[in-house]
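Accompanying notes for the structure given below.
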Amino acid sequence: MSVKEDGLSLIVTGLCLDFDRREKGMHDEGTNPRTAMEYAYLNEILRGAAEEIVGEEWRIFLREIGERRGYAKSDTAYSETYYKKMKAEVTANIRRRLHLSDK
């Protein structure tokens, strides 16, 4: 783990990485209703936080945050500076929307 990475960063990365599993679980008949509700809640927070910053490309940013994918392997067509700015803003917005940080 790098010096720059803390527990909060790992939480956000993990939640983004787990987005698709929760999405599938919400619709799986074997998923407990309370668990499905929590999956839906978390995914809605993540989607909304990312969509608020990057619009229709919200899913790309969540995937790239979760996979720790950087600009060089990004599926976006943004400039490097803009991409890094948007990725940082999405991450910060997720922290705020989950009430894990005020920043």
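No experiment lies behind these values; they were computed from the predicted model shown.
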Could you go through Glu64 and Tyr83, starting from their C-alpha distance and side-chain angles, then the distance that decides it, and tell me whether this counts as side chain to side chain donor-acceptor pair (under 3.5 Å)? CA-CA 11 Å; Glu64 292 185 4; Tyr83 172 81; 2.5 Å; yes
Among all residues two or more places apart in sequence or in another chain, which pass the side-chain hydrogen bond (donor to acceptor under 3.5 Å, both in side chains) test with [X]?
| X | answer |
| --- | --- |
| Ser101 | none |
| Glu89 | none |
| Lys85 | none |
| Glu51 | Arg47 |

Working to the nearest 0.5 Å, report the span between [atom1] of [X] and [atom2] of [Y].
| X | Y | atom1 | atom2 | value |
| --- | --- | --- | --- | --- |
| Arg68 | Cys16 | CZ | SG | 12.0 Å |
| Leu62 | Asn43 | CG | CG | 8.5 Å |
| Ile65 | Leu15 | CD1 | CG | 11.0 Å |
| Lys73 | Glu67 | NZ | CD | 11.0 Å |
| Lys84 | Lys87 | NZ | NZ | 9.5 Å |
| Trp58 | Ile53 | CH2 | CD1 | 14.5 Å |

Is there a side-chain contact between Ile45 and Ile94 (heavy atoms, below 4.5 Å)? no
Any side-chain heavy atom of Leu42 within less than 4.5 Å of one from Leu98? yes
Once salt bridge (Lys or Arg N to Asp or Glu O under 4.0 Å) is applied, what residue pairs with a partner in residues 91-102 remain, sequence neighbours excluded? Glu52-Arg97
When clusters are formed by joining ILVMFWY residues with side-chain heavy atoms under 4.5 Å apart, either directly or through shared neighbours, do Leu100 and Tyr41 land in the same one? yes
Transitively linked via ILVMFWY side-chain contacts under 4.5 Å: Phe19 with Met26? no
Parallel, tilted or perpendicular, as decided by the 30° and 60° cut-offs, for the rings of Phe61 and Tyr78: tilted
What residue pairs, at least two apart or across chains, pass side-chain hydrogen bond (donor to acceptor under 3.5 Å, both in side chains) with a residue in residues 23-32? Glu23-Arg59
Asp20 vs Arg63, salt bridge (Lys or Arg N to Asp or Glu O under 4.0 Å): CA-CA, chis, key distance, verdict: CA-CA 9 Å; Asp20 291 336; Arg63 183 176 57 248; over 6 Å; no
Please indicate whether Arg21 has more than 12 foreign heavy atoms, meaning atoms of other residues, nucleotides or ligands, lying under 6.0 Å from its CZ. yes
Compute whether any side-chain donor of one residue and acceptor of the other, for Tyr39 and Glu44, lie under 3.5 angstrom apart. no
Do Thr76 and Ser74 meet the criterion of a side-chain donor-acceptor pair at a distance under 3.5 Å? yes
